[in-house]
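Accompanying notes for the structure given below.
Given the structure is predicted, the values throughout are model-derived calculations rather than measurements. The chains referred to below are lettered A, B, ... by the order of the sequence lines, with proteins before strands, and numbering in each begins at 1.
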Amino acid sequence: MRITLVAMPWHACDIPSLAISILHSRIQLTRPSDDVADYYGNLRWAEFLVSASEGVLTPQVYAGIAEDGFEHGLGDWVFSAALYDDPEFGYDELRDYAAERGVDIEAAVACRAYAAEFIEAAAEEILAGDPEVIGFTSTFMQNVATLAVARRIKRLRPECVLILGGANCDGAMGHALHRNHRFLDYVVRGEGELVLPQLLDHVERGKAPEDLPGVCWWDGDRSVCNPAPTRIVPPAAIPSPLFDDWERALEDSPVRGHVQPKLVLEGARGCWWGEKHQCTFCGLNGSFIQFRSKAPDVLWEELSTLVTKHRLLDVVMVDNIIDMNYLPGLLPLLRDQDWDLRIHYEVKSNLRPDQVEQLAAAGVAHIQPGIESLNSRVLRIMDKGVDGCQNVRILREAENNDVTVSWNYLYGFPGETDDDYGPVIEQLPALVHLQPPGAASRISLERFSPYFEDPGLGFPARVPARFYGYTYDLPVAELHDLAYMFDCADAGIEGEVVDRLHASIAGWAGGYPASSLVQREYGDGGLLIEDRRAGWPAADHLLTGREAQAYRLLERGRTTEYLAKALGHAGLDGFLGRLLDRGLIFRDDGRHVALATRNVPIRGALL
Amino acid sequence: MIELGSDPAGTVRALATLRDHAAAGAEVRWSGRVDPGLPIAALRHLPPPDTLQGCAPGELDDWRRIHGYGICYYRVGPGFLQIKDYRDPANRFQLTVDDPRLTEAFLRLLEPAPLAELTAVTRRAVRVLAESNLVLVWQGHAVTLPPRLRRWPVPCQSI
Ligand code: SF4
């Protein structure tokens, strides 16, 4: 069969779609006589915007909506005009929403003017390849553009079989998408590697997929939703992705000059922490949290082959959490190549200093450690399995190794109080030389998270996030099944303490580029700490003898009792108090951790 | 006082030294004198001098304004080099070089050399690289201009 796999906007323009690249490879392996092509509708949209707007709506504008529009559903709203053949659809509602929340919608409004025309062109372009089956993938804000183009294609060529899959189809969302959109022949809920080739077999033989787990299909006008698969896809069934079509599409595209292309790879699915202690706010793993990973040498083979083939050195690992076996198994292989890789990886924040060093040496220049908070009590509420001092430690170690850290400060956890924030906010000025969070934000209620699944945990009432209302012409009950994000009453801190948290994080971000707090070995076992932090008087602090010894012990978060025992000396309160006053240590939950770094990264400004 | 221009061999050596300092993001203080023929705009990724005699007004200001860590550098991959060049704000480009003649010449001239010492093949490659100011040729001497960075800045996506 001729099959086209489609990635629509707002998939990022600098990376291939891992979903269609893996499935492309999987179809080739399982059904070698099929003819498979990938269509990058996201790139076509970015190009369309540039030319239709005569250069005003640049790939940067595209990226702005793709990266920041999700929490307001802006990207989906852009295409709902095309889905419903109504240029005004949801316009007033969005305008009110934006005015209330101070959201800039100018770019989205400008893009929307071209959406219908683009959908028309994309449908024709996809059909020009004469596919018998079209598979769409949808994650984040790809839903409405995908629905719009699928609807158009069905009108133009009703016999073409349309299949939708991807993270947006997981669980109840998949059935809601299917039953409300008659033009979608099938929706695949859950992982696609095993079931998609089987579904194609059924389509080819004209057989109803009654026995295929997770598939939604039509029995006449009745949408049938088969039970979700009970078996997870084993790593052996996840082939190395095929990026050839993406490479061609990007090379031929004027967008190429505006992006730094990156490879996207997957070593593991699920979360080894979350399968035992799922973080209460986290819906990332969807309905399958069970952890499984490729063997380190298999991943190495994939990565090195793709780097060589596509001549790209930037790699985004999409794993929700790194497999700790990759530290001994994969990182040395990466380190031993003389390649200038720049890898992004999500890690757990309790990594030891030597582990951060290993990551950096292997080219992992960018980590996302899920820090979320610097207060141990709040971290316990969210079941993170790390404490505040460990989180500060990883920020310090990132600084020591020139590693970029992406993180957010989350608040709004049921059961947290102002007292969990006051002491942290007071100490934030001392952290100004460490990488600040990208933002402080109230947690959102996500499907699949413990907070969503168990209303007893603190969010009893919830409705689909407001943006679904101005994006889809569907009743609330349907949106309830289709939505990933939900609105609910705020929990946890409110008012003044929230403002103070935001203000001090803004100050942190402003002060970071010019701040350093560096320790150097001094004389016989001493430490000289040079304080050049924004907001602090320039000072050099000399620690000698037992004090220097104590400060070194505090590189790990330690209690006063531990220190006293290790040094054989009680009465450290005065010393620790002085360190705190000078902002040389951070204290949380009875532990103290040293703040001085051994290195100051070169601070770059985003171009 | 660094003389750029009058002594060709010394000039390419000095540029190589500045390039290697730029690779580490090290702060360098220097002053110099430049021959008017030398393309100063191709040096904006090197640490700017405190003073520079012989340059046209505004050129040193541009250098200071545009200079930043990682505005022009190369990365090594298996069988290819990736080059990013933002020295000219009006013509920023990224390039993947995998022709072995070009990569060899590029890497060879990290150590500056007189053209006369190079093979004919390398000299032809140098001509190509010089067109994009990736190699500077000055009165019969050549040097590769972009450094291989030794550290990622924070945030690493800034370059
Ligand atoms: S937040 Fe991270 S560590 Fe926690 S359950 Fe989710 S993926 Fe796992």
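Atom CZ of Arg101(B) has 12 or fewer heavy atoms from other residues, nucleotides or ligands within 6.0 Å. Within a 6.0 Å sphere centred on CD of Glu111(B), heavy atoms belonging to other residues, nucleotides or ligands number 12 at most. Applying the 6.0 Å contact sphere to CD of Glu251(A) captures more than 12 heavy atoms from other residues, nucleotides or ligands. By the 6.0 Å contact criterion, CZ on Phe140(A) is open, its count of non-hydrogen atoms from other residues, nucleotides or ligands being 12 or less.
Contact residues of residues 11-23 of chain B toward chain A are absent (heavy-atom distance under 4.5 Å).
Looking at Phe93(B), there are no atoms closer than 4.5 Å to chain A (heavy atoms on both sides), in backbone or side chain. Looking at Ala24(B), the atoms closer than 4.5 Å to chain A (heavy atoms on both sides) all sit in the backbone: N, CA, C or O. In this structure, no portion of Val405(A) lies under 4.5 Å from any heavy atom of chain B.
Contact of the Gln157(B) side chain with the His366(A) side chain is registered, since non-hydrogen atoms from C-beta on lie closer than 4.5 Å. Counting heavy atoms from C-beta outward, Tyr73(B) and Asp340(A) have side chains that stay 4.5 Å or more apart. Residues Arg75(B) and Asp314(A) are in side-chain contact: their nearest non-hydrogen atoms beyond the backbone lie under 4.5 Å apart. Counting heavy atoms from C-beta outward, Lys309(A) and Pro78(B) have side chains that stay 4.5 Å or more apart. Ile159(B) has its side chain out of reach of Gln260(A): every pair of non-hydrogen atoms, C-beta onward, lies at least 4.5 Å apart.
The nearest pair of heavy atoms linking Gly77(B) to Trp339(A) is C-CD1, 4.0 Å. Leu341(A) approaches Trp152(B) most closely through the heavy-atom pair O-NE1, 3.6 Å. Here the closest heavy-atom approach between residue Ala365(A) and residue Cys156(B) is recorded as O-SG, 3.8 Å. For the residue pair Gln82(B) and Leu313(A), the shortest heavy atom distance occurs at NE2-N, 3.7 Å. The minimum heavy-atom distance between Val76(B) and Asp338(A), with the atom names listed, is CG1-O, 3.4 Å.
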For residues 301-308 of chain A, please give each side-chain donor-acceptor pair under 3.5 Å, one per line with the distance, not counting sequence neighbours.
residue, atom, partner, partner atom, Å
Glu301(A), OE2, Thr305(A), OG1, 3.4
Glu302(A), OE1, Lys294(A), NZ, 3.4
Glu302(A), OE2, Lys294(A), NZ, 2.6
Ser304(A), OG, Trp300(A), O, 2.8
Ser304(A), OG, Glu301(A), O, 3.3
Thr305(A), OG1, Glu301(A), O, 2.5
Thr308(A), OG1, Ser304(A), O, 2.6

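Between Asn599(A) and Arg151(B), the side chains place a donor N or O and an acceptor N or O closer than 3.5 Å (distance only, hydrogens not considered).
By number of non-hydrogen pairs under 4.5 angstrom with chain A, the leading residue of Gly68(B), Gly79(B), Pro153(B) is Pro153(B). When the candidates Arg342(A), Gln337(A), Gln435(A), Arg256(A) are compared by the number of heavy-atom contacts under 4.5 Å with chain B, Arg342(A) comes out ahead.
Remark: Asp402(A) does not engage Arg150(B) in a salt bridge, criterion side-chain N to carboxylate O under 4.0 Å.
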